[in-house]
Amino acid sequence: MALPLAVALLLLLLPLALVEMPPLLDYPNHLARVDVLLNFRTDPFLAEHYTASLKPVPNLLMEAVLLPLASLLPLYVAGRVYVALAVALTLFSVILLHRTLFGRWSLWPLCGALFVYNATLIGGFMSFSLGIPLMLIGVSLWIGQEGRRWQLPIGAAFALFLYFSHAIVLLAYALCLFGVEVTKYVGAGRVPFTVAAVRRDALRFAGLLAVPVLLFASTVAGQLIDSDAAAVGTRDQSPLLLLKQVYWRLKKLTELRHWGYRLNDMLAPVLNYNTLLDAATLLLVVGGVAVAAVTRRLRVSRPMMLTVGMFIVGFFLIPDPFFGTYFVSIRFWILAALLLIAGTDLRFSSPRAATVFAVGLLALLGVRTVVLTANWYGYQEDVADLRRAMERIEPGSHVLVAWAGQEAGCCNTREFLTTQPPWRSALVALPSLGHLPALITVERRAYVPILFSHPGKQPLTVTQPFRDRCMSIYEGVPVDVRLLTRPEEATYRDHVEPCPHYVGWREKYDYVLVMFANSLHQAGLRPPPGAEERYRGTVFDLWAVRR
């Protein structure tokens, strides 16, 4: 067990040791936010543009870990240490939960290594990615403390901690514990089903979640619901909006096109840069579980299988956006995959069979690591291209970020997927470069409107004089260049509402940074009136604004 675990960890951490900037979609934006929080009290430019928010938002885990790290280490090194911590703890937590459920160490939960680099980690959802293993550790402690007086206090403390980690992690924790408590009344050795027993467990569960639920309802829930309303173009109040969103998702289940998206999302636990390899990986794991079940070599944990079922229902029914958060449904699918590994136990027929399994698993993990690392190396040249553009930006400037857009066959289009290298897309068709320009704030001390600053989700807000230059809803989403001259074409259907941050851009900004300039050049598009080219790169152009 020790040797295969060490090799698996080495393979998982190797890419982080070899590159400076991993291509995790939201990751550069999170780094920039941490840098601002670390320096805004002493940097006059940052102090003029940003202030810390004191609201107890359910998304603070990265700040809690990375702020101390970044005060001791260079920011980019600290960021990779954070990612490494999320990677290692995810595998350890799956192994720990499996040990708690089945009472033995096994090679089987090492399959969790195949699910570590998943869509949410590649998507750069940093607090969520570290919150997953902490949640699994909390579930292990709850089960291990069964019948002891410290179970409820420890569980409640973990619930409050997970609230500040990420709201979806807290919800997943509650569903896991619900699965544990419900299955106590079913099967051999079950607890007698009485009104008193159910009332006792219901009160314990309410006490477990009371503080985080009250915090959420009294602070940020309203703002996040308002974000949902704006994103789908409605003015409904909260309860009606939630009903409409769930109805919309149910209606989508009747559409054949929607099932195409759902089938693609099913690769989320293994989503990297090669669809064929990802599909083969998922089929091998699921097929192995099925074969073990048929040959009666598989034991299952009923509480975890119930929770897996609830997560799968969530995958199909939970709408996006949900409480101001996108890509919610795939998070539950990824959680279901991790719990499937932790909640099952495969018994090998012989030591030789166990050795063959370990060798095969590590070989597959090695192939996936090679593919991942090769793509991460390619991304480093895109980072270098951005830095060449940033050299032309004067510190203290304001920089609008745009991308070539659908008019140039770019961003969320089939042409984009087929013409760009794999590392330039994350979460299927979402460009992985989308948040990279946030590094302008770090390296040039210039303002960009894409920095994460939503008051209901982030501990950072833009100061009042510059509120018309920040993105109130679609945090981090660049402007389509066509909107610079034709803002009337922005519609809710396009998910780009007319925002004040780009209206009147010639008066507000000193530069426009354009992403996917290669698509722009191929389409023959030129800078709009009022802008002139200062740098032409591989994927980034920089335009200076003339006044």
Side-chain angles (χ1 to χ4, degrees), residues 19-33 35-36 45 49 75-76 79 124 376-405 408 410-411 416 419-421 423-426 431-451 469 471 476-484 501-502 505-506 508-547:
V19 301
E20 180 193 36
M21 186 63 59
L24 313 178
L25 176 62
D26 288 0
Y27 174 73
N29 211 319
H30 289 302
L31 284 183
R33 188 184 71 243
D35 182 65
V36 171
F45 176 81
H49 291 79
L75 179 67
Y76 296 161
W376 283 23
Y377 264 116
Y379 180 81
Q380 303 314 299
E381 178 51 39
D382 291 347
V383 176
D385 189 47
L386 172 65
R387 286 186 167 135
R388 288 190 289 269
M390 286 196 295
E391 289 173 358
R392 278 79 172 174
I393 296 174
E394 289 291 330
S397 304
H398 287 201
V399 184
L400 180 62
V401 181
W403 57 20
C410 179
C411 310
F416 170 76
T419 59
Q420 301 288 342
W423 65 80
R424 288 186 188 154
S425 61
S432 61
L433 303 180
H435 297 273
L436 194 58
L439 298 182
I440 293 173
T441 300
V442 177
E443 300 192 12
R444 301 301 293 172
R445 280 296 180 259
Y447 176 87
V448 289
I450 66 170
L451 198 65
R469 304 184 197 189
M471 304 187 71
V477 178
V479 177
D480 189 325
V481 290
R482 63 181 171 163
L483 300 182
L484 299 183
H501 80 278
Y502 70 83
W505 59 273
R506 293 178 183 85
K508 295 177 180 176
Y509 297 97
D510 305 293
Y511 301 94
V512 177
L513 181 79
V514 183
M515 287 190 288
F516 300 105
N518 52 346
S519 296
L520 191 79
H521 303 153
Q522 291 166 10
L525 300 179
R526 300 185 61 79
E532 62 182 10
E533 188 175 277
R534 285 290 178 84
Y535 171 77
R536 174 175 287 213
T538 308
V539 286
F540 290 100
D541 278 5
L542 183 69
W543 301 339
V545 177
R546 296 194 304 265
R547 291 193 176 88

inquiry  = Taking R445 first and then D35, would you say they form a salt bridge - that is, a charged N and a carboxylate O separated by under 4.0 Å?
reply    =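 D35 and R445: salt-bridged.
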Can you name the residues that form a side chain to side chain donor-acceptor pair (under 3.5 Å) with [X], not counting sequence neighbours?
X    : value
R444 : none
Y76  : E443
W376 : Y273

Counterpart residues, salt bridge (charged side-chain N to carboxylate O under 4.0 Å, His left out), relative to [X] (two or more places apart):
X    : value
R388 : E381, D385
D541 : none
E20  : R387

Check: V442 and L31 side chains under 4.5 Å, non-hydrogen atoms =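 In short, these two side chains do not touch, never coming nearer than 4.5 Å.
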ask   = If you look only at pairs with a residue in residues 391-402, which of them pass as a salt bridge (Lys or Arg N to Asp or Glu O under 4.0 Å), with sequence neighbours excluded?
value =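 Pairs touching residues 391-402 that pass the test: none.
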message = Quick test of your reading: applying salt bridge (Lys or Arg N to Asp or Glu O under 4.0 Å), list the pairs with at least one residue in residues 513-530, sequence neighbours left out, ordered by first then second residue.
response =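 Listed once each, the pairs would be none.
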message = Test of understanding: with ring pair (Phe, Tyr, Trp, His ring centres under 6.0 Å), list the residues that count as partners of F45, not counting sequence neighbours.
response =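 H49.
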inquiry  = Test of understanding: with side chain to side chain contact (heavy atoms under 4.5 Å, CB included), list the residues that count as partners of A531, not counting sequence neighbours.
reply    =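 Testing A531 for side chain to side chain contact (heavy atoms under 4.5 Å, CB included), a comparison that skips the adjacent residues, returns W505, P527, P528, W543.
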request  = For the residue pair H398 and D510, confirm or rule out a side-chain donor-acceptor distance under 3.5 Å.
outcome  =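 On atom types as modelled, these side chains do not qualify, holding no pair under 3.5 Å.
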